[in-house]
Every structure is written in C-alpha cells, then in structure tokens.
Amino acid sequence: MATIADVAREAGVSISTVSYALSGKRSITEDTRVRVLAAAARLGYAPKAAARALAARRSQIIAVTTPLHPDTDHSAHMAFAMAVTTAARDHDYDTLLLVQDDALEGMRRSAATSLADGIVVLDVAAHDERADLARSLGCPVVFIGLPADTGGLTCVDLDFRAAAHEAVDTLHAAGHRTVGLVSQPVDVIAREANYPLRIEQAFAERADELGLTHALVRPDLDAPHAVLDDLLRLLPEVTAIVLSTPTSVAVALTESLSRRGLRVPDDLSVVTVGMTADPSRPPLPFDSLPLDPALTCPVAVDTLVGLIEGATSPGGVTLVPPTHVSRGSVAPAPVPHPTEVV
C-alpha cells in the first residue's frame, strides 16, 4: 500500500504539501496540486477512504503526551505543542495535551477509552518508558524524537547528526581548527533527553574525522555566565563555538564575550544547532541549524493521520533534513599573531 511519503517522493514535494493538495486546507499552486494528484493516482493512494467509512466512530482528537520536568524550556515546549495543534487542525483534528507526571497513565487512558484516535509523543528520552507502552497499545502512536530502540515504533525527528556535522563542516571550511561545544545542562543529559546526546556524539565524531581540537562544556543554569570561562580553561585557543544549549545560556555567553572584548565573528565564530527560537526574544544573532517545530510536527501529524485513516503502515523512522539560517556569525579563523623572537 502506498503511503503519503511515497506520494511526496513521486511528486518531488514535501509530505505537508501532499497533505495540503489532497485536503484543500491550504492554498498551493495549481501546478503543484496537479503534480501531487497525478502521483497519488499513479500509486493508487487514497488517504480518506477508510476515514469516510469510520468517521462516525472517531473522536477527531489527537492526544499529545509531553511531561514537564524541572528543567523544561517552556517556550520550546509550547512551540512544539502548538505546532502539533496547528498541523492537526489542517486535518480537522483537535488536540488533547497530556502533561501529568504519570505519562504512561495518560497514554493508557487515552487508548483504552478511545478518548483520542492517536497519540503524538514529545520530549523523548533515549530509554523512554513510553516506547514499550506504545508497542503494546492498539492505538496509533508517533514519536517526535528517537528512543535508543526504535524497533516497532513510528518516529519523526530532525536529523541532528546531519545538523551537527554541517555546523562542524562550516567552521572547518572557514579555517577553524579548535572548536568548542556548549551543550545542555547535566540534568538534561542525565535523564537522557535524546537529541542533546545525539548532537554531542555527532559533534565529537565529525571533529575527530576532521582532525580538530575540541571539547564540550555543560552549563550550570544557576551560573550561566561561567560557561565561557569553563570553555576557555579547556580550549584557550578556541576560535569557534557550537551552541546547543538553553537560550538563557546563549544570551549569557553573548554577554560574557562582550565583557571580554571578544567580537563575533571577528574573534570567535558561532553556530547554533538544535535550538528552538524563543518567540519572546529577538532571534540570536548567530548562524543556526534550528530545532524548528514547523519542520517536524507537520510531518509527524501527517504520518499519524495516515496511520489513523489506514493509509500509512506503522513503523519506521523519518529524519527531516536540517535547514541552515545564515546570520553572518561565521568568518575565517583569526590568524594567530607571530611570537616575537628575542
């Protein structure tokens, strides 16, 4: 059976564009619509056939499980919840937010009572207990994030490995040979939030492949300005920084650089990876490969609706390519001043 992803590949468009072309929920060009419809016809894709037959037995609700932690970035948390909600509305579904401490109980109740037709799982950990539960439920579930074991699960996520590699490659191409990573706080790493671990691993992997001198630091949220001192102790000759850290730490780092008289990009180049913009603040003035909910959430919801409506087969991992936003924060590595010989 053809899937919505198959149609997207056949037509040469995104999964979201296929959804818009078939549902008519958003305006797209006539040429694109015709191309999508032709691809769907060639593949025999009929997304709403099962839905029409069973519509009266559906709640038209998608549950979103996203537990809160003491270190939760609330702006990013709500950005993802709202992106899922917006994508769900494009398919005529509402959302139910499950934020209780017992995330398993919320999922069980939603599935057992048919409170929701499907579940989106956010804030995924490497060894997430919701993964085992999802495998046993008779309810479609899509993870936005990758547990360590994705067997039997349907997952959508940003390709963090590709994003970290691209950041390091960009700095290497500009001549930087000593690069630091400012990662997430220790508590976030300790609970195995999946994407910071993947970024740390991919950063070190690529830096080693290119022969770069590198180190990482994990900030203390109670003393975010200390992160620059920590990095300079490890890498006194650092000329470039990759940021994959809370926005508050990035802002504190910017202030610390200014106090030391260091300018971006003249003295230090900076790229952010896997950070979600805080809508209450101006964008950080750095090149970015962002964790943008607009990239992953529509794909996850399209996939879940396909599962609910019988148009998509369960299982598999979809990695969404990162986008690179340039803001002029990368420049050629500073040329070291020659040491005077006496």
Side-chain angles (χ1 to χ4, degrees), residues 3-5 14-16 19 23 25 47 51 58-69 72-74 76-126 128-147 150 152-158 160 193-195 276 291-320:
T3 68
I4 193 170
S14 69
I15 293 174
S16 296
S19 174
S23 67
K25 294 298 179 183
R58 293 231 177 90
S59 68
Q60 293 300 118
I61 292 174
I62 291 172
V64 184
T65 167
T66 175
L68 297 172
H69 305 283
T72 293
D73 182 335
H74 292 286
H77 186 272
M78 288 311 301
F80 274 84
M82 286 304 300
V84 170
T85 298
T86 301
R89 289 306 305 145
D90 286 337
H91 291 280
D92 293 325
Y93 282 80
D94 289 313
T95 53
L96 173 67
L97 199 60
L98 308 175
V99 297
Q100 66 267 45
D101 292 336
D102 190 347
L104 295 181
E105 179 55 32
M107 288 179 66
R108 287 193 190 99
R109 187 172 64 252
S110 294
T113 63
S114 299
L115 186 63
D117 298 324
I119 302 171
V120 170
V121 180
L122 295 176
D123 195 15
V124 178
D128 200 309
E129 57 187 354
R130 293 172 295 175
D132 286 336
L133 177 59
R135 294 183 181 98
S136 68
L137 293 178
C139 174
V141 181
V142 173
F143 284 68
I144 301 181
L146 301 185
T150 60
L153 302 176
T154 305
C155 304
V156 173
D157 207 2
L158 185 72
F160 289 102
N194 82 101
Y195 78 89
T276 301
L291 175 53
D292 184 349
L295 294 176
T296 53
C297 292
V299 176
V301 171
D302 288 346
T303 302
L304 182 60
V305 171
L307 292 172
I308 293 168
E309 298 182 352
T312 301
S313 299
V317 173
T318 300
L319 293 179
V320 179

Discussion item. Go through it in stages, so that I can follow the logic: the residues are Thr66 and Leu97, the test is side chain to side chain contact (heavy atoms under 4.5 Å, CB included), and I'd like the CA-CA distance, side-chain angles, deciding distance and then a yes or no.
Written reply: CA-CA 7 Å; Thr66 175; Leu97 199 60; 3.5 Å; yes
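Distance check, rounded to the nearest 0.5 Å: CD1 of Ile119 to CD1 of Ile308 gives 9.5 Å. Rounded to the nearest 0.5 angstrom, Thr65 OG1 and Leu104 CG are separated by 8.0 Å. Atom-to-atom distance recorded for Leu304:CG and Cys297:SG is 12.0 Å, nearest 0.5 angstrom. Note that OG1 of Thr95 is 7.5 Å distant from CE of Met82, once rounded to the nearest 0.5 Å. Residue Leu122 holds its CG atom at 10.5 Å from CG of Leu98, rounded to the nearest 0.5 Å. Atom NE2 of residue His91 and atom CG of residue Asp302 lie 3.5 Å apart, to the nearest 0.5 angstrom.
Heavy atoms only, all atoms of each residue included: Glu309 and Tyr93 are closest at OE2-OH, 3.7 Å. The shortest non-hydrogen separation linking Pro293 to Thr276 is CD-CG2, 4.1 Å. Closest approach of Leu153 and Ala134 over heavy atoms only: CD2-CB, 4.0 Å. When all heavy atoms of Ala88 and Ile62 are compared, the closest pair comes out as CB-CD1, 4.1 Å. Of all heavy-atom pairs between Ala116 and Cys139, the closest is O-SG, 4.3 Å. Contact record, Gly152 with Arg135: O-CG, 4.3 Å, taken as the closest heavy-atom pair.
In terms of modelled atom types and a separation under 3.5 Å, the side chain of Ser136 and the main chain of Leu133 share a donor-acceptor contact. Side chain of Asp117 to backbone of Gln60: a donor-acceptor contact under 3.5 angstrom is found. A donor-acceptor contact shorter than 3.5 Å is absent between the side chain of Asp128 and the backbone of Pro147.
The side-chain heavy atoms of Tyr195 and Leu158, taken from C-beta on, include no pair separated by under 4.5 Å. Side-chain contact between Leu96 and Val64 is absent, with no heavy atoms from C-beta onward closer than 4.5 Å. In this structure the side chain of Val84 reaches within 4.5 angstrom of the side chain of Val301, judged on heavy atoms. The closest side-chain heavy-atom distance from Val120 to Ile144 is below 4.5 Å.
The only member of Leu146, Val320, Val299 that meets side chain to side chain contact (heavy atoms under 4.5 Å, CB included) when paired with Asp157 is Leu146. Test Val142, Thr318, Val317, Val141 against Thr154 for side chain to side chain contact (heavy atoms under 4.5 Å, CB included) and you get one pass: Val142.
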